[in-house]
Amino acid sequence: MSFFNIRHIHKSFVSGEVEEQILKGINLSLQQGEMTALVGASGSGKSTLLTIAAGLQPASSGHILFKHNDLATLSQEQLRQIRAQEFGFVFQFAHLVPFLTVKEQLELMLEVADKKVDEKHISEILELVGMRHRQDAYPASLSGGEKQRVAIARAIIHEPTILFADEPTASLDSKRSSEIMQLLTTLTKTLQLTTLIVTHDEDMLHYVDKVVHMRDGQIME
Ligand SMILES: Nc1ncnc2c1ncn2[C@@H]1O[C@H](COP(=O)(O)OP(=O)(O)OP(=O)(O)O)[C@@H](O)[C@H]1O
Ligand SMILES: [Mg+2]
């Protein structure tokens, strides 16, 4: 069995009188050490699927199977723990805390994940993302690409097994986008992460192991 399994996921939202089906029976398996990309038109349900897989919102029905757990059956507290300890998140914008230095952003994440704050580990991770020389900098003095590198460091500092990234390069130029994709690929391999990434950018697809096309809430075979 795969490392992470999405089974028969349906999601509907009620808007006014009508119930809208956003996800219509999604099945997807993710492998350890692989990066899988979700692509598809705006509104096809990519972010909805990613947030359900990450336990950030419940599905209407179906299962998210991970390490002998079905996320759908867990309590809020169990889910919170899995998200904080097993999952890492990167989004379009870095969302760094403006009054914390680069190093302090990572310390905060370790505290959230209930892990020991280890200065050597923090240095190593910053080295991996090429930001060790800026460890005492505040976000305001970083470029967009540098901020995203720090966001990636923060997403992996607690040694998660799954990395979720929703359009991590959408606010970067093409050179910076390629660099960030290269970094995500390298990290997926070296740390044996299971990475699910949503992207709009066709140029980024050659960095990933598997491309999954979505249309109208379904996966195209
Ligand atoms: N909480 C919600 N309530 C109602 N409708 C929602 C909700 N979340 C998402 N939707 C709808 O579900 C559909 C899919 O949204 P989603 O954000 O998953 O698309 P997407 O593929 O990520 O699009 P984009 O590429 O623009 O980010 C959209 O029509 C959206 O309006
Ligand atoms: Mg989206």
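Note that these values count all heavy atoms, side chains included, but never hydrogens, waters or copies made by symmetry.
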For the hydrophobic clusters of this structure (ILVMFWY residues joined by side-chain heavy atoms under 4.5 Å, transitively), does one cluster hold both L184 and L205? yes
Considering residues, nucleotides and ligands other than Q57, do more than 12 of their heavy atoms fall under 6.0 Å from its CD? yes
Presence of salt bridge, K46 and E167, under 4.0 angstrom: no
Return yes when atom CD of E77 has more than 12 non-hydrogen atoms of other residues, nucleotides or ligands closer than 6.0 Å, and no otherwise. yes
Okay, side chain of E86, backbone of I162: is any donor-acceptor separation there less than 3.5 Å? no
Cluster link L193 to L65, ILVMFWY, side chain under 4.5 Å: no
Measure the shortest side-chain to side-chain distance between F4 and L28 over non-hydrogen atoms and say whether it is less than 4.5 angstrom. no
State whether a side-chain donor-acceptor pair under 3.5 Å links S171 with Q92. no
What class does the angle between the rings of F66 and F87 fall in, given that below 30° is parallel, 30 to 60° is tilted and above 60° is perpendicular? tilted
Measure from the side-chain N and O atoms of D209 to the backbone N and O of T36, and report whether any donor-acceptor pair falls under 3.5 Å. no
The side-chain contact (heavy atoms from CB on, under 4.5 Å) partner of V129 among I157, L183, T186 is L183
Say whether I122 and L96 are linked into one hydrophobic cluster, either directly or through other cluster members, by side-chain heavy-atom distances under 4.5 angstrom. yes
Taking P58's backbone N and O only, do any of them form a donor-acceptor pair with K11's side chain (distance below 3.5 Å, no angle check)? yes
Please determine, by modelled atom types, if T101 and R134 share a side-chain donor-acceptor pair under 3.5 angstrom. no
I'd like to know if the side chain of R154 and the backbone of L108 have a donor-acceptor N/O pair within less than 3.5 Å. no
G55 backbone acceptor or donor facing R83 side chain under 3.5 Å: yes
Under 4.5 Å between side-chain heavy atoms, hopping through other hydrophobics if needed: is there a path connecting L196 to M181? no
Quick check against the 3.5 Å criterion: does D118 have a side-chain atom that pairs as donor or acceptor with the backbone of K120? yes
Does a side-chain heavy-atom distance below 4.5 Å link T194 with Q31? no
Common cluster, F3/L38, ILVMFWY with side-chain heavy-atom separation under 4.5 Å: yes
So, for F91 and Q148, which heavy atoms are closest and what is the spacing to 0.1 Å? O-NE2, 2.8 Å
Between Q105 and V97, is there a donor-acceptor pair closer than 3.5 Å when you use the side chain of the first and the backbone of the second? yes
Between M131 and L142, is there a side-chain heavy-atom distance shorter than 4.5 Å? yes
Under 3.5 Å, is there a donor-acceptor pair between the side chain of Q192 and the main chain of K189? yes
Is the count of non-hydrogen atoms from other residues, nucleotides or ligands lying under 6.0 Å from D216 atom CG greater than 12? no
Might you point out which heavy atoms bring S42 and H200 nearest each other, and give the distance in Å? N-NE2, 4.2 Å
Which atom names give the shortest non-hydrogen contact between H158 and A113, and what distance separates them? CB-CB, 3.7 Å
